[in-house]
Protein chains: 2
Amino acid sequence: MSNVRALPLLDRSEAPAAAVVPCCPPLSERPFTAEEAERTARMFKALGDPVRLRLFSAVASHEGGEACVCDISDVGVSQPTVSHHLKKLKEAGLLTSERRGTWVYYRVEPSVLAAMGQLLAVR
Amino acid sequence: MSNVRALPLLDRSEAPAAAVVPCCPPLSERPFTAEEAERTARMFKALGDPVRLRLFSAVASHEGGEACVCDISDVGVSQPTVSHHLKKLKEAGLLTSERRGTWVYYRVEPSVLAAMGQLLAVR
DNA sequence: CTTTTGCTTCGACATCTGTCGATCCCTTGC
DNA sequence: GCAAGGGATCGACAGATGTCGAAGCAAAAG
């Protein structure tokens, strides 16, 4: 189950690194369609849990924009729950993970952050 | 039930209108505390539902930044459900409502939008 | 006052979500 | 090979959430 694909917020295939291509216009530009709302809500929902927000913040603020799970798993819930939330953040396209030897490192997708910021831009 | 107070994202008591005082530092500045995460997650959660996102976008993109419920309630769910979601958005501090005669108007809280944008600022 | 219209609240219900302990998988070290 | 440790998955379960129809409430119209 859960074959949810990461959000194609940004076309990373050959776009220059600085070019942020948001999935949707700013919230205040025009009413969202059902599909736009569905995609975008997934990101907001991912950050709509306190534990996930702490995990995301911990990764985002860690040096190099990445952190080992062992460095950030002190958020008051059990280890399986931490893993569960990190998975959710990955499915939302906000984090990526990579195993390096014993440890697994999570890193933020800065372009996605920027795209979300543009969603909130005031008209 | 549901005596949830609006988020004190911005001290509106006597601050100048342009001064955005976010509740929390940018997500990537330092790891969020439990309390910061709790408060901030409430906002993201409010936008983490497709119907609410459409309603919010409809209000935000409406001229004058406000809209009558009758103008935006065509989002594919029943009218009580629309009312339910608008209430949630109000409780999250993202919208305010005001009755003027027959109709009820909802309007966005622009400072809250700006504060959320700052949360997503890249370090 | 009665009716109509716009919106909220209530009650009920199915589904989703967060949480945990137990277990499994993968890598390293012996 | 085997043991140890980091991390993911599984199964279960209580509580939260989205949804609706019915009923209630407030303002305007007749």
Side-chain angles (χ1 to χ4, degrees), chain A residues 1-4 6 32 34 37-38 40-56 58-59 62 66-92 94-107, chain B residues 1-4 6 32 34 37-38 40-56 58-59 62 66-92 94-107:
Chain A
M1 66 194 86
S2 106
N3 58 343
V4 181
F32 266 25
E38 202 82 40
T40 307
R42 240 173 274 166
M43 296 185 302
F44 284 115
K45 195 173 191 176
L47 294 180
D49 178 90
V51 173
R52 281 199 291 272
L53 210 44
R54 289 188 74 184
L55 289 170
F56 184 84
V59 173
H62 209 264
E66 75 170 15
C68 168
V69 176
C70 54
D71 290 331
I72 60 174
S73 54
D74 189 21
V75 288
V77 294
S78 70
Q79 187 271 324
T81 301
V82 169
S83 194
H84 167 73
H85 284 304
L86 288 172
K87 186 180 180 181
K88 287 290 193 75
L89 288 168
K90 254 177 71 177
E91 290 173 351
L94 296 173
L95 294 180
T96 59
S97 69
E98 180 192 0
R99 176 165 213 131
R100 289 206 291 273
T102 306
W103 293 281
V104 176
Y105 291 82
Y106 280 78
R107 106 177 355 260
Chain B
M1 63 194 85
S2 109
N3 58 344
V4 181
F32 266 25
E38 202 81 42
T40 308
R42 240 173 276 165
M43 295 186 303
F44 284 115
K45 194 174 192 175
L47 294 180
D49 178 90
V51 173
R52 280 197 293 272
L53 209 44
R54 290 187 73 184
L55 289 170
F56 184 83
V59 173
H62 209 265
E66 75 171 15
C68 167
V69 176
C70 53
D71 291 330
I72 59 173
S73 55
D74 189 20
V75 289
V77 295
S78 70
Q79 195 273 329
T81 302
V82 168
S83 194
H84 167 72
H85 285 303
L86 287 172
K87 185 179 180 182
K88 286 290 191 75
L89 287 167
K90 253 177 74 177
E91 289 172 353
L94 296 172
L95 294 180
T96 59
S97 69
E98 178 193 0
R99 176 164 214 131
R100 291 207 289 273
T102 305
W103 294 282
V104 175
Y105 291 83
Y106 280 78
R107 101 175 0 258

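In what follows, every chain begins at residue 1, and chains take the letters A, B, ... in the order their sequences are listed. Nothing here was measured: the structure is a model prediction, and the numbers come from that model.
Here the P atom of nucleotide D:dG6 and the CG atom of A:Asp71 are 12 Å apart, to the nearest Å. Atom pair B:Leu89:CG and C:dT8:C1' shows a separation of 15 Å (rounding to whole Å applied). In this structure, B:Arg42 places its CZ atom 16 Å from C1' of D:dT17, rounding to the nearest Å. In this structure, the CZ atom of A:Phe44 is 19 Å from the C1' atom of D:dT17, given to the nearest Å. Per the geometry, OH belonging to A:Tyr105 stands 13 Å off C1' belonging to D:dG7, to the nearest Å. Distance B:Lys87 NZ to D:dT19 P: 16 Å, rounded to the nearest Å. Atom CD in B:Glu38 sits roughly 14 Å away from atom C1' in D:dA16 (whole-Å rounding). For the pair B:Leu86 CG and C:dT8 P, the interatomic distance rounds to 6 Å; values are reported in whole Å.
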Along nucleotides 24-30 of chain D, 5' to 3', which nucleotides get a B, which get an S, and which get a -, given that the test is a protein heavy-atom distance under 4.0 Å? ---SS--

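In this structure B:Arg99 satisfies the salt bridge (Lys or Arg N to Asp or Glu O under 4.0 Å) test with no other residue, sequence neighbours excluded. Residues meeting the side-chain hydrogen bond (donor to acceptor under 3.5 Å, both in side chains) test with A:Ser97, sequence neighbours left out: A:Lys90. Legend: residues meeting side-chain hydrogen bond (donor to acceptor under 3.5 Å, both in side chains) with A:His85, ordered by chain and number and at least two apart, are A:Arg52.
Atom NZ of residue B:Lys45 and atom NZ of residue B:Lys88 lie 7.5 Å apart, to the nearest 0.5 angstrom. Atom CG of B:Leu94 sits about 12.0 Å away from atom CZ of B:Arg42, to the nearest 0.5 Å. The line from CG of B:Leu47 to CE of A:Met43 is 10.5 Å long, rounded to the nearest 0.5 Å. Distance check: A:Asp49 CG to A:His84 NE2 gives 8.0 Å after rounding to the nearest 0.5 Å.
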Report each atom pair, protein N/O against N/O of nucleotides 15-21 of chain C, whose distance is under 3.5 angstrom.
residue	atom	partner	partner atom	Å
C:dT17	OP1	A:Lys45	NZ	2.5
C:dG18	OP1	A:Arg52	NH1	3.3
C:dG18	OP1	A:Arg52	NH2	2.9
C:dG18	OP2	A:Arg52	NH1	3.4
C:dG18	OP2	A:Lys88	NZ	2.9
C:dT19	OP2	A:His85	NE2	2.5
C:dC20	OP2	A:Ser78	N	2.7
C:dC20	OP2	A:Ser78	OG	3.0
C:dC20	OP2	A:Thr81	OG1	2.9

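Among the protein residues, A:Tyr106 comes within range of the sugar-phosphate backbone only, with heavy atoms under 4.0 Å from sugar or phosphate atoms but none that close to a base.
In this structure, A:Val104 and A:Leu86 have side chains that are not in contact, with every pair of non-hydrogen atoms separated by 4.5 Å or more.
Annotation: side chain to side chain donor-acceptor pair (under 3.5 Å) contacts involving residues 69-78 of chain A, sequence neighbours excluded, comprise A:Ser78-A:Thr81.
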